[in-house]
Asker: 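What follows is a single structure, and I will ask about it in a moment.
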Amino acid sequence: MLAVSDEVDDGLYADLSPVHTAQLILACGDLPFDYLGYLMNALDVPLVFVAGNHDPDLSGYRTSRAGLTMKAGFPQRPPWPDGAISAEIQIVDVAGLRVAGLGGCRRYRDGPNQYSDRQQARRARSLIRRAGLSRIRDGRRVDVLLTHAPPRGVGDGDDPTHQGFRALNGLAARLQPALLLHGHVRPAEATSPDRPLGRTVVRNVTGWHLLDIEPGARIRHFAAGSRHAS
């Protein structure tokens, strides 16, 4: 699994061999959609993403029963690459994994994909309900929680812009995913890419990271070779 966020690695345009084994791309926001589309098409694997605070407004889009992307009741071409899957407040089953998504960061100015703590808590409750319905249907837990901002106090920054959401701490406790992947915070601001949060491992995937994860397992192995963009 290739996890990416925030920083484009121009080297991957010239050489995909470091990530050629990836069977899935999970994107945590703030990356150009043409870059994500390139990775998805060049590797020929599914791409699941959530929005960051520098991404366009992705609210209001939904998929009809016929598979059309709709907004305000009318078919509309979304801004993300054809074939990519938005996990925003959604449960997505892909490549054998169950992925839950909740993007955005703390509101610090006018702009899309920014939320107050109360707004993010409300969004988290909606995601918990959807995860619960999915588990009732087939008994499976969420494997990966995909976010843009980190949980509060778990690898976040000190400034208001890069502080994490307390709602994500509660969300991880309820869903108990093996992994919570996020970006938003520069790696230099975190002493380690991995931090424990209950039964969940929290990883900052700014740049790109190649991870080895088995569906349904409680213990994960991180493959060697992950790195950040230069």
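Fair warning: this is a prediction, and the values are worked out from it, not measured in the lab.
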Asker: If I take atom CZ from residue Arg203 and atom NE2 from residue His182, how far apart are they, to the nearest 0.5 angstrom?
Answerer: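 Reported value, rounded in 0.5 Å steps: 10.5 Å.
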Asker: Compare all side-chain heavy atoms of Leu181 with those of Leu211 and state whether any distance is below 4.5 angstrom.
Answerer: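 Yes - at least one pair of side-chain heavy atoms lies under 4.5 Å apart.
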Asker: Could you tell me whether the side chain of Thr206 and the main chain of Val185 form a donor-acceptor pair under 3.5 Å?
Answerer: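 It does hold such a pair.
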Asker: Can you confirm whether Arg152 is buried at CZ, in the sense that more than 12 heavy atoms of other residues, nucleotides or ligands lie under 6.0 Å from that atom?
Answerer: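 Atom CZ in Arg152 is packed in, count exceeds 12.
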Asker: Applying side chain to side chain contact (heavy atoms under 4.5 Å, CB included) between Val19 and each of Leu43, Val4, Ile25, Asp9, report the one that passes.
Answerer: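 The residue from Leu43, Val4, Ile25, Asp9 that satisfies side chain to side chain contact (heavy atoms under 4.5 Å, CB included) with Val19 turns out to be Leu43.
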Asker: So which heavy atom on Gln114 is nearest to which on Arg109, and how close?
Answerer: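 Nearest pair, atom of Gln114 first, then Arg109: OE1-O, 3.0 Å.
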Asker: Nearest 0.5 Å, please: how far is CD in Gln23 from CG in Asp44?
Answerer: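 Output value for this atom pair is 9.5 Å.
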Asker: Are Ile91 and Leu133 side-chain neighbours, meaning at least one heavy-atom pair lies under 4.5 Å?
Answerer: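 Side-chain contact under 4.5 Å: no.
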Asker: Do you know the tightest heavy-atom contact between Asp55 and Pro112?
Answerer: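 It is O-CG, 3.5 Å.
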Asker: As an exercise, state the distance from OG of Ser17 to NE2 of His20, rounded to the nearest 0.5 Å.
Answerer: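 The OG atom of Ser17 sits 7.5 Å away from the NE2 atom of His20.
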Asker: Hey, is the main chain of Leu12 close enough, under 3.5 Å, to the side chain of Tyr38 for a donor-acceptor pair?
Answerer: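 Between the backbone of Leu12 and the side chain of Tyr38 there is a qualifying donor-acceptor contact (under 3.5 Å).
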Asker: In the structure I gave you, are the side-chain heavy atoms of Ile128 and Leu171 within less than 4.5 Å of one another anywhere?
Answerer: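 They are in side-chain contact.
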Asker: In terms of heavy-atom contacts, does CZ of Arg174 have more than 12 from other residues, nucleotides or ligands at under 6.0 Å?
Answerer: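 Check fails, neighbour count at 12 or below.
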Asker: Filter on salt bridge (Lys or Arg N to Asp or Glu O under 4.0 Å), then keep only pairs touching residues 77-89, sequence neighbours left out; what's left?
Answerer: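 Passing the test, one end in residues 77-89: Arg77-Asp82, Glu88-Arg123.
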Asker: Set out, in order, the CA-CA distance, both residues' side-chain angles and the distance that settles side chain to side chain contact (heavy atoms under 4.5 Å, CB included) for Met40 and Val45, then state yes or no.
Answerer: CA-CA 6 Å; Met40 177 182 68; Val45 297; 5.6 Å; no
Asker: What are the two closest non-hydrogen atoms of Pro177 and Asp143, and how far apart are they?
Answerer: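 So the two residues come closest at CB-O, 3.7 Å.
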Asker: Would you sort out whether Arg106 and Asp117 count as a side chain to side chain contact (heavy atoms under 4.5 Å, CB included), showing the intermediate values?
Answerer: CA-CA 7 Å; Arg106 292 173 61 91; Asp117 283 325; 2.9 Å; yes
Asker: Would you say the side-chain atoms of Gln163 pair up with the backbone N or O of Asp158, donor to acceptor, closer than 3.5 Å?
Answerer: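 Yes: the side chain of Gln163 pairs with the backbone of Asp158.
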Asker: Tell me which one of Thr200, Leu180, Leu168, Asn169 satisfies side chain to side chain contact (heavy atoms under 4.5 Å, CB included) with Val154.
Answerer: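 Output: one option passes, namely Asn169.
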Asker: Any chance you could lay out the side chain to side chain contact (heavy atoms under 4.5 Å, CB included) test for Asp6 and His148, step after step, and finish with the verdict?
Answerer: CA-CA 9 Å; Asp6 288 83; His148 181 61; 3.6 Å; yes
Asker: Assess whether atom CZ of Arg137 is packed by more than 12 heavy atoms of other residues, nucleotides or ligands within 6.0 Å.
Answerer: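 Yes, because the 6.0 Å sphere around CZ of Arg137 holds more than 12 heavy atoms from other groups.
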Asker: When you measure from the side chain of Asn113 to the backbone of Gly52, do you find a donor-acceptor pair of N or O atoms at a distance under 3.5 Å?
Answerer: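 Looks like yes, one N/O pair under 3.5 Å.
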Asker: Hey, could you give me the OH/OG1 distance between Tyr61 and Thr69, rounded to the nearest 0.5 Å?
Answerer: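 That separation rounds to 9.0 Å.
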Asker: If you look at every heavy atom in Cys28 and Gly183, which pair is closest and at what distance?
Answerer: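 In this case the closest contact between Cys28 and Gly183 is CB-N, 4.0 Å.
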Asker: For the residue pair Trp80 and Phe49, categorise the inter-ring angle as parallel (less than 30°), tilted (30 to 60°) or perpendicular (more than 60°).
Answerer: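 The rings of Trp80 and Phe49 sit tilted, inter-plane angle from 30° to 60°.
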Asker: Check Thr21, Leu97, Leu210 against Met1 for a side chain to side chain contact (heavy atoms under 4.5 Å, CB included) and give me the one that passes.
Answerer: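 Of Thr21, Leu97, Leu210, side chain to side chain contact (heavy atoms under 4.5 Å, CB included) with Met1 is met by Leu97 alone.
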Asker: What pairs with Asp138 under salt bridge (Lys or Arg N to Asp or Glu O under 4.0 Å), at least two apart in sequence or on another chain?
Answerer: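 Listed in chain order: Arg98.
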Asker: Are a donor atom and an acceptor atom from the side chains of His184 and Asn53 found within less than 3.5 Å of each other?
Answerer: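 Asn53 and His184 do have a side-chain donor-acceptor pair below 3.5 Å.
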Asker: Gln120 side chain to Gly103 main-chain N or O, any donor-acceptor pair under 3.5 Å?
Answerer: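 Yes, Gln120 side chain to Gly103 backbone: donor-acceptor pair under 3.5 Å.
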Asker: Using a 4.5 Å cut-off on heavy atoms from C-beta on, say whether the side chain of Val50 contacts that of Leu58.
Answerer: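 Heavy-atom side-chain distance check fails, nothing below 4.5 Å.
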Asker: Locate the shortest heavy-atom distance separating Leu145 from Leu175; write the atom from each residue and the value.
Answerer: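 So the minimum-distance heavy-atom pair works out to CD1-CD1, 4.5 Å.
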Asker: Could you pull out the closest heavy-atom pair between Val144 and Val142, with the gap in Å?
Answerer: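 Taking every non-hydrogen atom into account, O-CG1, 3.3 Å.
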